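Have a look at the structure below before the remarks.
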There are 2 protein chains.
Amino acid sequence: MARRAIRQPSPADDLDSRKARILEAVVREHIDTAQPVGSSSVAATSHVAVSSATIRSEMVALEREGYLAQPHTSAGRVPTDKGYRYFVDHLQAGVVGEAQQQQIKEFFANVRGEVEDVLAQTSTLLSRLTSYTSVVVGTGHAESAILSTQLVNLDARHQLLVTVFADGSVTKHSVLSTFDVSHVEVVEASRQLNALLIGTVLGARVQVPSRTDHVATLVREAVATLHAEAPTIDGEQVFIGGSSKVAESFDGVETVRQVLAILEQELLVVSLVQDILDQGLSVAIGSEHGFEPLVSCAVIVAPVTIDGHPSGAIGLLGPTRMKYSEAMAAARAVSAQLTQHFDGEDRANH
Amino acid sequence: MARRAIRQPSPADDLDSRKARILEAVVREHIDTAQPVGSSSVAATSHVAVSSATIRSEMVALEREGYLAQPHTSAGRVPTDKGYRYFVDHLQAGVVGEAQQQQIKEFFANVRGEVEDVLAQTSTLLSRLTSYTSVVVGTGHAESAILSTQLVNLDARHQLLVTVFADGSVTKHSVLSTFDVSHVEVVEASRQLNALLIGTVLGARVQVPSRTDHVATLVREAVATLHAEAPTIDGEQVFIGGSSKVAESFDGVETVRQVLAILEQELLVVSLVQDILDQGLSVAIGSEHGFEPLVSCAVIVAPVTIDGHPSGAIGLLGPTRMKYSEAMAAARAVSAQLTQHFDGEDRANH
DNA sequence: TATTAGCACTCGATTCTACCGAGTGCTAAA
DNA sequence: TTTAGCACTCGGTAGAATCGAGTGCTAATA
């Protein structure tokens with residue numbers, strides 16, 4: 001996937017207050033109506049007390065500077081990505097509505113279950129709150145130490161290695177043996193595996209026994225199986241909520257298809273969200289997040305931390321003309337609640 | 001969700017061979033072109049050596065009997081659900097193409113990992129093979145006996161109960177305690193839990209200790225947490241592959257939205273697939289599967305068995321004018337391979 | 001100098017009309 | 001029973017006419 005550098009906010013992004021208000025009015029109305037916005041409607045809605053003619057000449061300037069564009073002569077203006085960017089950068093933080101606040105509160109009061117379940121449900125919540133597609137990313141246990149491992153006999157030739165990590169994640173791996181394994185052997189192998197692996201991190205060098213007896217072979221097999229997984233960017237969990245909202249956000253069926261196709265590729269989604277976070281942005285508009293198929297999209301992200309460590313992110317994907325204020329407020333609120341939710345769980349232990 | 005009874009195949013579904021061939025030609029061409037089919041093109045393509053006029057009168061009959069419909073006077077005919085049904089019922093089994101056969105073989109030769117991973121990837125495979133959206137359902141461990149449980153200390157107040165079932169599935173449950181738990185206590189609780197639970201099934205009555213010491217409390221907590229999950233139709237796993245294909249299959253954005261909205265609801269998808277299987281069908285066309293939002297869809301299903309026990313299903317969802325022959329062949333081939341894949345794993349142990 | 005009223009102009013969208021032609025249903029002959 | 005022939009239907013397409021929202025420019029004004 002070809003990528004373009006994410007735009008650096010340029011310091012020269014300053015408009016005099018009248019231009020700014022006109023731009024804002026255009027963006028607001030376009031977000032509302034999805035139609036090009038004309039000078040007269042700006043004159044009517046924005047509280048700049050000048051005639052449409054003056055606004056017209058200002059709009060010419062705004063277009064020259066790249067904030068607005070004209071679909072064709074004799075149509076109104078439409079914001080460019082740069083226009084949206086200015087709008088977003090100068091947006092005073094929105095607040096979430098009563099009803100939504102209520103929904104969030106209720107959700108977190110009632111939600112229970114394991115981290116994965118909470119994240120999956122959060123994704124649905126976020127999508128319902130905003131009517132955009134939501135993305136929830138949970139970072140994996142790549143750097144977590146192993147707390148415990150256990151080998152279980154499914155049957156004589158078929159063992160299951162279950163590993164618990166310090167972050168509470170659990171993995172399972174099938175181990176196939178070429179000989180019949182007795183219960184005693186499994187227990188002993190389990191014991192040795194615990195001795196070897198507890199406290200280590202996936203991929204760390206481990207001194208495996210070189211003997212050729214059943215137990216040693218089993219231990220070697222298990223360690224190999226476990227470590228085989230290490231190099232894959234593992235445990236990254238992605239939960240997509242409200243993918244049907246894609247069909248509401250974009251009108252061209254082809255655009256819908258493209259966006260869905262992107263969302264199907266979890267790795268892409270993870271790196272998209274990660275990239276935006278890495279750039280310190282909370283919104284990426286149009287071409288700012290160098291994924292060409294998503295040029296007509298804006299992505300809002302908010303990090304989620306557990307105990308102060310970044311451990312995931314939540315995101316919203318909508319059209320560039322999305323309702324930034326509401327969506328950002330919702331994302332912020334949910335990410336805060338989520339952080340608090342997990343920290344709360346944690347606090348109970350200290 | 002309102003449901004309608006699934007249509008019972010009626011014994012009177014017989015057309016004389018000429019009508020049948022005409023119907024088949026109409027269906028084939030409509031599937032190809034998505035356009036209403038006229039009598040003259042049937043005369044040209046179907047190998048019935050009669051004039052278009054004759055075909056016309058036959059088509060009138062077919063329409064009267066409910067196999068065809070006319071979008072409007074002076075347009076060609078389009079198959080009804082009943083028409084598709086006849087077509088499908090009288091379809092001789094298709095074969096999968098060379099290239100696809102190759103892809104399937106390759107996939108199963110290389111696929112590795114746990115059941116969940118295999119199912120998820122299979123879903124992607126199936127979708128790529130057919131360019132329809134695929135659904136893979138794995139049945140849960142609801143009836144599986146517990147092979148082993150282990151309680152792990154995440155920290156003093158925070159334990160994780162990891163349970164392994166006979167079918168190889170693993171669950172984890174957080175247990176919060178109101179007192180600090182020592183390592184020794186966790187080990188002892190783990191031992192007692194194993195003694196209590198091994199061999200039992202989720203939801204079975206278990207004699208928990210009534211003492212009030214730490215270990216007993218821990219054991220009670222853990223059992224309660226584990227059993228709390230039992231009533232939920234648990235472990236049903238759904239993997240949707242190629243949801244972007246929905247946007248290719250239907251042209252109205254609204255239809256796309258509706259279908260996506262259904263696919264988001266896993267429980268609905270599971271019951272849809274299950275219902276079709278229960279009726280002994282392998283294809284449900286249009287309104288046959290009483291889900292109103294899916295009237296313009298056809299669903300192909302094929303069961304997957306492990307060791308002879310039904311243990312899941314794979315499905316394909318497309319427009320009613322989908323390429324039944326190819327899609328059914330692909331579904332059959334993949335389900336057979338999948339069954340064989342899992343049985344093969346099993347056979348290694350006997 | 002900045003603003004504005006006025007005005008000619010542009011051009012997509014809408015409506016209307018004419019018309020084409022694929023496809024039908026019917027009839028009468030083979 | 002089949003078929004050639006034919007009048008008829010009606011959605012789709014192409015043009016023409018029109019509409020009107022919105023523009024850019026100019027000249028007058030504060």
Side-chain angles (χ1 to χ4, degrees), chain A residues 15-80 83 251-252 321, chain B residues 15-80 83 251-252 321:
Chain A
L15 299 174
D16 66 69
S17 111
R18 194 170 68 182
K19 276 211 188 70
R21 268 184 293 173
I22 291 173
L23 175 57
E24 185 191 331
V26 172
V27 173
R28 289 220 126 88
E29 178 148 348
H30 182 68
I31 286 175
D32 244 43
T33 65
Q35 298 295 323
V37 179
S39 56
S40 54
S41 92
V42 171
T45 62
S46 79
H47 296 157
V48 287
V50 290
S51 73
S52 66
T54 309
I55 290 176
R56 246 180 338 261
S57 67
E58 293 283 56
M59 285 168 92
V60 171
L62 283 167
E63 181 171 5
R64 195 173 43 236
E65 294 167 42
Y67 295 97
L68 295 178
Q70 245 180 332
H72 55 86
T73 354
S74 92
R77 301 303 205 295
V78 156
T80 60
D251 22 41
R321 48 169 283 275
Chain B
L15 300 175
D16 65 70
S17 112
R18 193 170 71 185
K19 277 212 188 72
R21 269 184 291 173
I22 291 172
L23 174 56
E24 186 191 331
V26 172
V27 173
R28 289 220 126 89
E29 178 148 347
H30 181 68
I31 286 176
D32 243 43
T33 64
Q35 299 294 323
V37 179
S39 56
S40 54
S41 92
V42 171
T45 61
S46 80
H47 294 157
V48 287
V50 291
S51 74
S52 68
T54 309
I55 290 175
R56 225 146 39 227
S57 66
E58 292 284 56
M59 285 168 91
V60 171
L62 283 167
E63 182 171 5
R64 195 173 43 236
E65 294 166 43
Y67 295 96
L68 295 178
Q70 245 179 333
H72 55 85
T73 351
S74 92
R77 301 302 207 294
V78 157
T80 59
D251 22 41
R321 47 169 284 274

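Predicted model, so just to flag it, every value in this text is computed and none were measured. In the text below, chain A, chain B and the rest are named by the order of the sequence lines, each starting its count at 1.
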- Query: What do the steps show when you test A/S41 against A/E29 for side chain to side chain donor-acceptor pair (under 3.5 Å), and what is the final call?
  - Reply: CA-CA 9 Å; A/S41 92; A/E29 178 148 348; 3.2 Å; yes
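OP1 or OP2 of C/dC11 lies within a sub-4.0 Å distance of a side-chain N or O belonging to A/T73. Phosphate proximity of C/dA22 to B/R77: absent, as no side-chain N or O sits under 4.0 Å from OP1 or OP2. Here A/R56 does not reach the OP1 or OP2 of C/dC7: none of its side-chain N or O atoms lies under 4.0 Å away. Residue A/T54 has a polar side-chain atom (N or O) positioned under 4.0 Å from OP1 or OP2 of C/dT4.
Look at CE on A/M59: it is 9 Å from P on D/dG22, rounded to the nearest Å. Atom CG of A/D16 is separated from atom P of C/dA2 by 12 Å (rounded to the nearest Å). Between the CD atom of A/Q70 and the P atom of D/dA21 there is a distance of 17 Å, rounded to whole Å. Put simply, CD1 on B/I22 is 13 Å from C1' on D/dT2, counting in whole angstrom units.
Nearest-nucleotide positions on DNA chain D for A/G38 and B/S51 put B/S51 closer to the 5' end. Across the interface with DNA chain D, nearest-nucleotide mapping of B/V50 and B/H72 shows B/V50 to be the residue nearer the 5′ end.
A donor-acceptor pair under 3.5 Å is absent between the side-chain atoms of A/Q35 and the main chain of A/H30, judged by distance alone.
A donor N or O paired with an acceptor N or O is not found under 3.5 Å between the base of D/dT23 and the side-chain atoms of A/S74.
Considering all non-hydrogen atoms of both residues, B/L15 and B/A20 come closest at CB-N, 4.1 Å.
Two residues are said to be in side-chain contact when any heavy atoms from C-beta on lie closer than 4.5 Å; B/R77 and B/V60 meet this criterion.
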